[in-house]
2 protein chains.
Amino acid sequence: MAPLGEGSDDPLLPDLPRGPLHAARARASFPWKELALFWEGPDMLRFKKNIFSALENDPLFAHPPGSLSLEKYRELNFLRCKRVFEYDFLRVEDLLGSPQRTFGSAIYNSGSERHFKYLPKIFNMEIFGCFALTEVSHGSNTKAMRTTAHYDPTTEEIIIHSPDFEAAKFWVGNMGKTATHAVVFAQLYTPGGQCHGLHPFVVQIRDPKTLLPMPGVMVGDIGKKLGQNGLDNGFAMFHKDARQHFSESLGSLSSGRVAIAGMSVVNLKLAVSIALRFSATRRQFGPADEEEAPVLEYPMQQWRLLPYLAAAYALDHFSKSLFLDLVELQQGLLGKDRSTRQAELGREIHALASAGKPLASWTAQRGIQECREACGGHGYLAMNRLGDLRDDNDPNCTYEGDNNVLLQQTSNYLLGLLVHRDQGGARIESPLKTVDFLEAYPNILGHRFEGCSPEDCLDSSVPLAAYEWLVCYLLRESYQKLNQEKQSGSNDFEARNNCQVYCCRPLALAFLELTVVRRFHEHVHQPHVPPSLRAVLGRLSALYALWSLDQHTALLYRGGYFSGEQAGKMVENAILALCAQLKDDSVALVDVIAPPDFILDSPIGRADGELYKNLWSAVLQESKVLERASWWSEFSANKPVIGSLKSKL
Amino acid sequence: MAPLGEGSDDPLLPDLPRGPLHAARARASFPWKELALFWEGPDMLRFKKNIFSALENDPLFAHPPGSLSLEKYRELNFLRCKRVFEYDFLRVEDLLGSPQRTFGSAIYNSGSERHFKYLPKIFNMEIFGCFALTEVSHGSNTKAMRTTAHYDPTTEEIIIHSPDFEAAKFWVGNMGKTATHAVVFAQLYTPGGQCHGLHPFVVQIRDPKTLLPMPGVMVGDIGKKLGQNGLDNGFAMFHKDARQHFSESLGSLSSGRVAIAGMSVVNLKLAVSIALRFSATRRQFGPADEEEAPVLEYPMQQWRLLPYLAAAYALDHFSKSLFLDLVELQQGLLGKDRSTRQAELGREIHALASAGKPLASWTAQRGIQECREACGGHGYLAMNRLGDLRDDNDPNCTYEGDNNVLLQQTSNYLLGLLVHRDQGGARIESPLKTVDFLEAYPNILGHRFEGCSPEDCLDSSVPLAAYEWLVCYLLRESYQKLNQEKQSGSNDFEARNNCQVYCCRPLALAFLELTVVRRFHEHVHQPHVPPSLRAVLGRLSALYALWSLDQHTALLYRGGYFSGEQAGKMVENAILALCAQLKDDSVALVDVIAPPDFILDSPIGRADGELYKNLWSAVLQESKVLERASWWSEFSANKPVIGSLKSKL
């Protein structure tokens, strides 16, 4: 491992450039390099550094000036994708968890041995795959997909057929321009008309030599999206025989959801890095006759941004820990583990991923918007990147399951545990222990907040206890409401729908917040945390916990956990106190999670803090900045005659 | 006036096309044309219809296929601006309140008679103006602007000077490419070095014959923004003599804020129109073995969208009523009214506009995001327009005063009334009566929610009473906290800053919400409301009121206005009941506020409800949809060699 800092030609963590942010860094209570090492570990730091510097040194990854057309953007993205294969940062076996893995992993997870022949072709880019599940009229409701696969035993052919435009496959990533093969999900019919449900089939959609569509396939590009326009989402309609079908049906989507939670956290980290460096160098107003203060000195600006910084750390830790849980699950699958524990682990991870993706993607979306606004007009300038982050994060709320729909998976899991316990008296416990506290459910419902000293309130154990009560309360409310609905004659479908808004939805979110808070709390209270980092990490943990909890204060009062004015004020005062304590650490905390300037790619967020110099340098680099408008003669020569078209009205 | 509907060649409100939305329309409890007439009045309906059909029939306003480059987009925008002059929809005297008015109205409001010579040139587009206030390092803090204006009495010249890049004027609308003249705000210095504060000066920045910059001016374009890219925001640095300076200083910005509130409401109306028409025609899941249900049938989808529909109506009424208040104020100014009432009216409108812009812009921003997500993947497709609405609405949160900074104006106004009353015993009252209830302040603080019958809870009078208590509570909290801060040694600046987050900010928002709720409540309970519309308007009013109030439930409990579980549940149940009641009216309510399809410009939001047909028709119209990628040979011929660049790492 290379040395951390100075004295080496290639330090793992080089010093940051001196500049206007130096003063803010000097006020930090902890050494940022030590936190970076604790947070990421030396292997990950080295891995990221390798990738970041390869990209920075390769002109293909230079930030293109101005806006690219959709076509040019997609070409560039394709060339970059090829280049990433050439760098081979990670061996293909390790690609699990990266967005490119879909087709290969669909083959791995759903295919039988006769499909393994595709794998080398995928890795040599002889063929390029896509995953065609959603149709134009159906996304979440996979059972209602209308593409058919008719099996003819005499010819042993399977005919894939799209009955009409509403059943076209739609929104399929890579399908618009690039993919040569698709895993197409269709309702399998055998002779006599029996339907065997949704099955996946490999269908060749384009000729790899020419990228022209195969006969029997109409395939195209769905057009411009709000973001992520490097990716060519497409549509296709079929009347074509498929090569062969997979043996397995649609598996669990947990891994996609865990990956999306991680992508959301990256977006949030980038946004808070930009906004906090800006806030530490942007000055506006001040006490009369004194120098203007950095906007970060205002309690309002701290309250707008620091909770999202804490959330970036808390959710980063959560998504990494959930990824490790998922690796354990997949190792069990590969080892053909058929134990009860393995099945329970699968259910628990499914429940965590189904609420983790919503929580992470929504927190990132709101956080990016807050960062945009907190940077004022400069946040609205495209070059500062907050717009791209918002646009690129946005679909995380939708794909691999709409957030609100997904949350039902988590609340169903929790309600199921309670039903199981009430019916059979089984203990409530799970492999990752996220639900074990529910065993004390009736007891916890009797807990009350008893007040605490101002210092005690600044620790995450206070909100942890409140969250346990809250989850039990919402679980009871959901359970009672569901039973009440059924007793008053609702069918299952109606009963579930009538319990979502104020019971099951907040239940799933509160449970996941509790899990995030607990994991972060435990992580920063481990004995091996370096002493110099304990205070700052403890504050981050408490701030995230209290700020999340504060969304539920109404329920804490309503259910009697809080009473009197002081309880609510305690939460507010603790949040403001933690913001004030973390303010001087915030630039160093950002230094730990911000990538190098080339990757962050935001003039107002550069590490040197030379806000205005960097901004001007970027503004003046844009095309035709100082040139007159190309259409100047339209102004000079052709003046409008007011009202000359009035007769046309 | 043309007849409302059938039987005429040119009806004011033509029937909407029959299609899949017909069934949803048929379930409405009221005739939508009658509500349109009540809501807008025949003159406004005719006015809008004229403009919409002129634009639809003019190829210059056709929606350009694909994405335009920044330059082409700005050229098109300029040509359209000229064309609008030619249509002369409104005589220039009436242009007050439209975004283009800035330069002309700066001349009207701040200029003296010698500036009136500019007016005909402006209206003939011989010159084109812009309003140059903000600098790259200062937006909100106008007093800290650093551009100077040195007056030389011997030559009677004024030299405008930008000391450095940080003092460059920045973000100036129209300055990037188009403007020939600017009203530049600068610190006025007289010989001897005395500074007289910020004054506006007319500076010629480009030659109107060539659009080339004038000597002594560096002027350019600040580049791409997140949205509103038809407008060329620019920057400028000066060392130049100004023509002459205005007599007046920077006036009130109320009119800009009122206009922005109105623009935000328009964005919200467009977004909810798209999302609700989509939700009434998009089907997903359903009870077992039955036809899939429109997603609007789900209580979750209703709860996500219908409160924003109610907000669009409530804020539409508020912004129109505030505009009329502003007209009254400006008539007083023109009539040289120097009465106490006129001064009080100015202060009250300033307070309403300073919180009205934040409330409207934030509600629209959140509502558009919710609509985007509620339309799933199709909401993320650029052609469906929710992305443009979000991007174009976003700066409403920032310009003419950052929302959080502006709210301080409103809370200062309210706190000032209380101080005044406590010191001199003056009655609390105001020309528009928005604060008169505060006269009963100590009495109201003793009120408690006593429960109500389920039907009574569905009326906006219940939340109105709760809001009055809430504003009084937050006013007392803010007042006490401010005094406490001062007593513990904070200076004014610190004391104010330490009271923002949990006291003054929610005070300003709650006061404005109360005002919006009250005005909407009174409007829909007038005796002349047609009987067929009373029920639906009453429900909209109650839904907006309860949904807004529900954000403050924690405070209602904390301060003792609510106690027990039932109070909080009452609010939730009432919101869900109102959503269920309004669900069948929602498509007709959207028909009233949605513009014609050409203006709405969203395939999934068209009035006929042919969701998938319209989507396909738009997808297939895009450029090169079915063509193979232009870079196909990069796929076919050049395969990556995995790891070939590994040595470069």
Side-chain angles (χ1 to χ4, degrees), chain A residues 50 54 75 82 85-88 125 139 141 165-166 171 177 209 211-212 220-221 223-226 284-285 287 298-300 303 373 376-377 380 382 387 395 397-398 493 497 500-502 553-554 557-558 565 568 572 612 616 622 625-626 628-629 631-632 636 639-640 642-646 649, chain B residues 50 54 75 82 85-88 125 139 141 165-166 171 177 209 211-212 220-221 223-226 284-285 287 298-300 303 373 376-377 380 382 387 395 397-398 493 497 500-502 553-554 557-558 565 568 572 612 616 622 625-626 628-629 631-632 636 639-640 642-646 649:
Chain A
N50 274 346
E75 176 176 358
K82 282 209 303 190
F85 273 67
E86 291 170 349
Y87 281 117
D88 197 26
M125 230 187 234
N141 191 359
F165 275 96
E166 294 190 18
W171 271 109
K177 293 293 177 193
K209 299 224 177 339
L211 284 192
L212 291 169
D221 193 304
K224 194 179 172 196
K225 298 158 292 174
L226 304 197
Q284 204 83 179
F285 296 102
Y298 292 87
M300 174 64 80
W303 176 75
E373 293 179 32
Y380 192 65
C397 304
T398 297
F493 181 73
N497 288 332
Q500 289 307 315
V501 171
Y502 291 115
T553 301
Y557 272 113
R558 186 178 103 180
E565 270 193 308
E572 293 177 356
Y612 300 116
W616 273 114
E622 303 234 324
V625 179
L626 296 168
R628 69 174 162 184
W631 37 269
W632 62 274
S636 311
K639 300 296 177 190
I642 293 188
S644 56
L645 293 177
K646 193 122 194 163
L649 296 183
Chain B
N50 274 347
E75 176 177 356
K82 282 209 301 189
F85 273 67
E86 291 170 348
Y87 281 117
D88 197 25
M125 231 188 233
N141 191 359
F165 275 95
E166 294 191 17
W171 273 109
K177 292 292 178 195
K209 298 223 176 343
L211 283 191
L212 290 168
D221 192 304
K224 195 180 171 195
K225 296 158 294 172
L226 305 197
Q284 204 82 180
F285 298 102
Y298 293 87
M300 175 65 80
W303 176 75
E373 294 180 31
Y380 192 64
C397 305
T398 297
F493 182 73
N497 288 333
Q500 288 307 316
V501 171
Y502 290 116
T553 301
Y557 273 112
R558 184 177 106 181
E565 270 194 307
E572 293 178 355
Y612 300 116
W616 272 113
E622 303 233 323
V625 179
L626 297 167
R628 68 174 164 185
W631 37 270
W632 62 275
S636 311
K639 300 295 177 189
I642 293 189
S644 55
L645 293 177
K646 191 121 196 164
L649 295 185

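Chain A is the first sequence line, chain B the second, and so forth, proteins listed ahead of strands; every chain is numbered from 1.
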Between Gly568(A), Pro299(A), Ala629(A), which residue shows the highest count of heavy-atom pairs closer than 4.5 Å to chain B? Pro299(A)
On a heavy-atom basis, the closest approach of Arg558(A) and Glu565(B) is O-CG, 3.1 Å
Spatial distance of atom CZ (Arg628(B)) from atom CG (Leu212(A)) [nearest 0.5 Å]: 4.5 Å
Take atom NZ in Lys82(A); do more than 12 heavy atoms of anything else shown fall under 6.0 Å from it? yes
Picking from Trp616(A), Phe165(A), Tyr87(A), which has the most non-hydrogen pairs under 4.5 angstrom with chain B? Trp616(A)
Taking C-beta and beyond as the side chain, do Lys639(A) and Phe85(B) meet within less than 4.5 Å on heavy atoms? no
Whatever's closer than 4.5 Å to a heavy atom in chain A on Glu622(B) counts as side chain
What closest approach, in Å, do Thr398(B) and Gly376(A) show between heavy atoms, and which atom pair accounts for it? CG2-C, 3.7 Å
Heavy atoms only, distances under 4.5 angstrom: which of Pro287(B), Ala54(B), Gly223(B), Gly220(B) has the most pairs with chain A? Name it, please. Pro287(B)
Lys209(A) portion near chain B, given a 4.5 angstrom heavy-atom threshold: backbone
Under 4.5 Å from a heavy atom of chain A, the part of Tyr380(B) involved: both
Who wins among Asn497(B), Thr553(B), Val501(B) for the most heavy-atom pairs under 4.5 Å with chain A? Val501(B)
For each of Gly643(A), Ser644(A), Pro640(A), tally heavy-atom pairs with chain B at distances under 4.5 Å, and name the one with the top tally. Pro640(A)
Most chain B-contacting option - heavy-atom pairs closer than 4.5 Å, from Tyr298(A), Trp632(A), Phe285(A), Tyr557(A): Phe285(A)
If you count heavy-atom pairs under 4.5 Å between each of Ala554(A), Ala382(A), Gly387(A), Gly139(A) and chain B, which one has the most? Ala382(A)
